[in-house]
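Structure record follows, encoded as structure tokens.
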2 protein chains.
Amino acid sequence: MTGADIVLEAVGEPNRRRLLELLHLHQESTVSELVDASGLNQPQVSKHLKVLATAMLVAVRADGRHRHYRLDGTGLQVAHDWFASFEDVWQSRFDTLDELVSTQPNPIPAEEQLP
Amino acid sequence: MTGADIVLEAVGEPNRRRLLELLHLHQESTVSELVDASGLNQPQVSKHLKVLATAMLVAVRADGRHRHYRLDGTGLQVAHDWFASFEDVWQSRFDTLDELVSTQPNPIPAEEQLP
DNA sequence: ACTATATATTCCTCGCTGGGAATGCAATAC
DNA sequence: GTATTGCATTCCCAGCGAGGAATATATAGT
């Protein structure tokens, strides 16, 4: 079991996605900067960041009384790979056409199959 | 605004992810088949499928009193693209190294910077 | 020492949502 | 026609989780 459950449940929350997007713009951000940028108050930002950290979506770097948060590729890649496993669903956009082709092995020289 | 919010919130639920994975194995499934395969009871499956349908993650095909559900690439691709926009985060795996390089333009001939 | 700043944590509350049971509603079977 | 099957919908309830206020903790500044 990959941590996909924890990751996708963490990303299910809108404000947490906003924090991820903010962290994507500015490489690193302190909690205060995220508070100003997100409009949330400080306790909520800290709590959301905690959830994101346990999902390995963000990483922390302590610096004095500041804590610099940055994105962590680990969790992000887990989520990305989970959706990537469904790529075949939309990459075959010829839904009904594909079924037709796969059931008819040789479309052009069809006479060869006849006795 | 893309429907990413609706999609990612729909996928945040574990049982809904199970339904998506089940639909990925069997190309199409009726509600009864999903009930048997998932262990959930019928009303829950119907409700979860409704959420997935409004997120354009599944599509329905009516056939008599049966309803065949299949994956819909629309919502899946939206979610995939949202995570793909973060690809740069994990594709540069040399996190600390990158910082070093970007702050020191000429790594080898360092003496040139000295007075 | 005291004060102020930065962040985390606790407590409480409230709204939302998933789960369960019952019901509604078509469509097939008899 | 009635009965039955397949699915959707409604109702209610319990629990979880996000939000807010207050508090705790630590570090820097004076």
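Order of the sequence lines fixes the chain letters, A, B, ..., with proteins taken first and strands second; residue numbering starts at 1 for each chain.
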Practice task
Under the side-chain contact (heavy atoms from CB on, under 4.5 Å) rule, what do A:Gln27 and A:Arg70 come out as? Steps first, then yes or no, please.
Solution key: CA-CA 6 Å; A:Gln27 309 293 25; A:Arg70 58 154 55 203; 5.8 Å; no

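- The side chain of A:Tyr69 contributes an N or O atom lying less than 4.0 Å from OP1 or OP2 of C:dA8.
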Between N or O atoms, less than 3.5 Å apart, protein on one side and nucleotides 23-29 of chain D on the other: list the pairs.
none

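- In this model, a donor atom of one side chain and an acceptor atom of the other lie less than 3.5 Å apart for A:Gln44 and A:Asn41.
- As rounded to whole Å, 12 Å separates atom P of C:dA8 from atom NE2 of A:His66.
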Practice task
Using a 4.0 Å heavy-atom cut-off, write out nucleotides 10-19 of chain C from 5' to 3' as B (base contacted by protein), S (sugar-phosphate only) or - (no contact).
Solution key: B-------SB

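- The CG atom of A:Leu20 lies 11.0 Å from the NE2 atom of A:His48; values are rounded to the nearest 0.5 Å.
- The side-chain heavy atoms of B:Arg61 and B:Asp63, taken from C-beta on, include a pair separated by under 4.5 Å.
- Taken over five-pair windows at either terminus, the axes of the helix from C:dA1-D:dT30 to C:dC30-D:dG1 are inclined to one another by 10° (rounded to 10 degrees).
- Here B:Leu34 contributes atom CG and B:Leu49 contributes atom CG; the two are 6.0 Å apart, rounded to the nearest 0.5 Å.
- Atoms CD (B:Glu33) and P (D:dG6) sit 11 Å apart, rounded to a whole Å.
- Between the CG atom in B:Leu57 and the CD atom in B:Gln77 there is a gap of 12.0 Å [rounded to 0.5 Å].
- Taking CG from B:Asp36 and OG1 from B:Thr30, the interatomic distance works out to 8.0 Å, rounded to the nearest 0.5 Å.
- The side-chain heavy atoms of B:His68 and B:Ser29, taken from C-beta on, include no pair separated by under 4.5 Å.
- Judged by distance alone, with hydrogens and angles left aside, the side-chain atoms of B:His66 form no donor-acceptor pair with the main-chain N or O of B:Ala62 at under 3.5 Å.
- The six-membered or imidazole ring of A:Phe86 lies near that of A:Trp82, with a centre-to-centre distance under 6.0 Å.
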